[in-house]
Protein chains: 2
Amino acid sequence: MAGRTRNTKSKRATLADVAKLAGVSAITVSRVLNHPDKVSDDLGHRVREAIDTLGYIPNQSASSLASARSQVIGVAIPSLSNIVFNDVLRGIYDVAGAGGYKVLMVDTHYSPIEEENMIRTLLSQSPEAMIVTGGDQTRACQRMLSSAAIPVVQMMEILEQPLDMNIGFSHFKAGLEVGKKLMACGYRRIGFIGARMDTRVQQRMAGFKEALQQRDLYHAELFTTTPSPSSIALGGELLRGLLSTSGGKLDAVFCCNDDLALGALFESQRMNLNVPKDIALCGFNDFETSAFVNPSLSSVHVPRYEMGVQAAQMILNVLKGVPNSEAQVDIGFELRMRHSTRMPSV
Amino acid sequence: MAGRTRNTKSKRATLADVAKLAGVSAITVSRVLNHPDKVSDDLGHRVREAIDTLGYIPNQSASSLASARSQVIGVAIPSLSNIVFNDVLRGIYDVAGAGGYKVLMVDTHYSPIEEENMIRTLLSQSPEAMIVTGGDQTRACQRMLSSAAIPVVQMMEILEQPLDMNIGFSHFKAGLEVGKKLMACGYRRIGFIGARMDTRVQQRMAGFKEALQQRDLYHAELFTTTPSPSSIALGGELLRGLLSTSGGKLDAVFCCNDDLALGALFESQRMNLNVPKDIALCGFNDFETSAFVNPSLSSVHVPRYEMGVQAAQMILNVLKGVPNSEAQVDIGFELRMRHSTRMPSV
DNA sequence: TCTGGTTATGATAGCGCAAACATTAGCGCC
DNA sequence: GGCGCTAATGTTTGCGCTATCATAACCAGA
């Protein structure tokens with residue numbers, strides 16, 4: 001079969017076929033599928049039998065066209081490699097699926113240009129709602145989303161001017177809190193390593209820098225960033241780089257995510273540096289690994305699955321006509337200090 | 001906007017609207033979009049301007065209905081939480097996207113019943129091809145897939161009787177090799193911990209057991225399994241359980257995946273057991289973490305991204321009319337022995 | 001018996017697009 | 001100068017379904 005060049009169209013059964021076999025009109029078959037309560041048990045039975053016999057599967061394109069409802073929710077995320085979005089997606093799929101919606105997901109590869117194209121593609125499927133990541137869409141993209149006149153949720157971060165609905169948390173505040181906490185732990189030569197440097201990472205860094213500056217502990221030479229995508233390997237490299245340029249005078253490092261942090265942790269171990277005595281590490285996102293690795297990794301916990309669930313829930317509410325109490329939801333975050341940092345000296 | 005109950009349909013622009021504005025017929029607009037080479041530059045320009053002015057986005061439902069081509073590839077995976085499928089998906093998305101296809105993905109939650117329902121849903125979107133996981137679809141599901149008369153790839157494992165095309169590797173052989181290797185390293189009291197126990201994990205275990213039996217080293221009491229989903233936490237628990245029931249007489253453990261293996265590794269460390277001296281560990285899937293953790297984790301490397309890429313490529317080939325040389329591809333695996341096991345005593 | 005309502009079913013039209021089949025203009029060529 | 005060709009554009013039709021309106025059957029109440 002693999003050598004076959006094109007599928008031989010054996011003419012999928014249609015509503016009309018089912019109707020003929022059951023001896024009813026097409027619309028009755030449609031009703032059996034979409035409004036079963038409006039059909040008598042007798043006919044309903046006959047129709048369902050005919051459906052089984054023919055192996056009838058409705059043509060959703062025709063249905064969408066005729067009813068102007070696609071049962072599709074479009075989702076745009078910046079990356080499929082980043083586990084963070086996996087959890088969010090899972091929440092969206094669980095809720096959307098349970099609500100009878102399909103999810104059409106696209107990966108924008110962190111590029112607003114690509115995002116614009118992919119969202120155009122998504123919109124051509126006439127989704128009934130859209131969930132997109134962050135707020136740095138191109139102007140054209142925002143215009144498309146607005147004129148689509150469907151509910152839109154921007155997720156992952158709190159935005160000043162959401163297009164419509166918004167769920168997330170403040171990455172700036174999170175960075176700020178990490179900074180304050182590390183200083184409270186008594187660290188003074190505090191560094192930062194960041195990768196990818198998308199808007200959310202930039203905000204984390206900005207908040208962190210702000211905290212250090214407030215107590216005059218910001219040292220530009222201790223901040224390293226790269227546009228490369230994050231990985232465990234990269235975390236090790238960046239830490240090594242930072243250690244060498246800072247002349248070893250470094251007592252704590254905030255890593256912009258747990259990939260980098262774990263990489264830094266493993267690299268520290270290979271360099272025989274004791275974490276947290278020689279160097280303290282704090283990550284972001286709180287992967288499952290972070291809680292179990294030795295020493296366990298301090299990190300910022302974010303309710304990702306829950307965020308996906310709520311984003312989808314907000315959408316479903318609007319689609320069902322139930323108003324949401326809030327158009328913007330701050331889902332918060334939680335600093336989880338573990339053994340890769342010492343206890344605050346309070 | 002969030003309080004709004006339903007979207008006010010501001011009537012999306014249609015082909016006809018664009019045509020009227022550009023002063024051409026509808027089919028010309030259609031051609032500008034789908035066969036630009038068949039339209040004069042002059043008209044092409046005018047039409048594209050009209051499209052921009054109106055912010056026209058084609059209605060894919062109408063297009064699918066009229067052309068009998070949906071540009072959709074359906075994908076069914078058993079779990080979104082399992083990182084393994086993330087990589088495969090990424091490969092599929094990258095290739096399908098580049099080929100101009102959308103991917104409609106569903107999560108079957110490891111349930112053939114749910115899989116059947118979700119595949120029915122997928123088929124109602126008239127996908128031009130399907131990629132599904134493994135071979136344990138229900139009979140009804142297999143019938144649906146066959147009568148859809150579209151290319152189908154079953155992935156993740158090598159099947160005896162594929163529905164159509166197939167890409168994967170032999171989990172049995174992989175388990176067998178792990179068993180042989182551990183014995184070659186000199187281990188004699190060898191255990192197994194497994195979770196979820198889907199068909200692929202069962203095959204890994206069967207192969208592993210086979211290897212041990214061949215040299216009379218299989219001890220049923222050293223094999224622990226649970227239907228619970230894998231996690232790092234669970235890996236620790238299962239190891240603990242195995243150690244207590246085996247009375248500590250255990251020198252190596254094959255974990256059915258790297259989640260469990262990392263959990264077992266971290267738990268060993270917390271119990272002050274030296275890996276690999278007190279206990280050797282081997283995982284499966286080879287996550288990035290496994291190569292960097294200390295001690296680094298022996299594991300079975302599987303080209304997941306590549307598998308997704310090739311699955312999608314096989315599909316695209318058929319859709320383009322290019323025959324695939326093989327309907328079944330064994331993409332193989334590779335044992336990567338690291339420091340969580342000692343070197344073979346050769 | 002008739003009225004007015006409800007319930008169950010059917011007939012018709014049209015959603016937006018592209019396939020298939022015209023039509024027209026323009027060209028080279030003998 | 002007419003033939004046959006190609007390239008560029010248009011007309012018609014129908015994909016499979018559901019919204020809408022019509023119809024038919026039935027029943028309660030006066």
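The structure displayed is predicted, hence computed values, not measured ones. Residue numbers start from 1 in every chain, and the chains themselves are labelled A, B, ... in the order their sequence lines are given, proteins ahead of strands.
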Rounded distance (nearest 0.5 Å) linking atom [atom1] of [X] with atom [atom2] of [Y]:
X: A:Leu122; Y: A:Leu145; atom1: CG; atom2: CG; answer: 9.5 Å
X: A:Thr108; Y: A:Ile119; atom1: OG1; atom2: CD1; answer: 8.0 Å
X: B:Arg304; Y: B:Leu89; atom1: CZ; atom2: CG; answer: 12.0 Å
X: B:Ser124; Y: A:Leu33; atom1: OG; atom2: CG; answer: 11.0 Å
X: A:Asn59; Y: A:Leu15; atom1: CG; atom2: CG; answer: 9.5 Å

(request) Would you mind reporting whether A:Ile73 and A:Glu128 have side-chain heavy atoms less than 4.5 Å apart? (result)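 Counting from C-beta outward, A:Glu128 and A:Ile73 never come under 4.5 Å.
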
(message) Each nucleotide in nucleotides 8-20 of chain D should get exactly one letter: B, S or -. Can you fill that in based on protein heavy atoms under 4.0 Å?
(response) -BBB--BBBBBB-

(request) Tell me, please, the opening and closing nucleotides of DNA chain C, 5' to 3', among those with an atom under 4.0 angstrom from a non-hydrogen atom of chain B. (result)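 So the outermost contacting nucleotides come out as C:dG16 to C:dA19.
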
(request) For a side-chain contact (heavy atoms from CB on, under 4.5 Å) with B:Val318, tell me which candidate from B:Val152, B:Val153, B:Asn324 qualifies. (result) B:Asn324

(message) I'd like to know if B:Arg90 pairs up with B:Asp87 as an ion pair, taking the criterion as any Lys NZ or Arg NE/NH1/NH2 lying under 4.0 Å from an Asp or Glu carboxylate oxygen.
(response) yes

(request) Note down the inter-axis angle between the two ends of the helix from C:dT1-D:dA30 to C:dC30-D:dG1, five pairs each, to the nearest 10°. (result) 40°

(message) Checking A:Ser126 against B:Arg12 for the side-chain hydrogen bond (donor to acceptor under 3.5 Å, both in side chains) test, could you report, in this order, the C-alpha distance in whole Å, the side-chain angles of both residues, the deciding distance, and whether it holds?
(response) CA-CA 10 Å; A:Ser126 315; B:Arg12 214 163 111 180; 3.1 Å; yes

(request) Taking atom types as modelled, find out whether B:Asn166 and B:Gln154 have a side-chain donor-acceptor pair closer than 3.5 angstrom. (result)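 Their side chains do not contain a donor-acceptor pair, so the 3.5 Å distance test is not met.
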
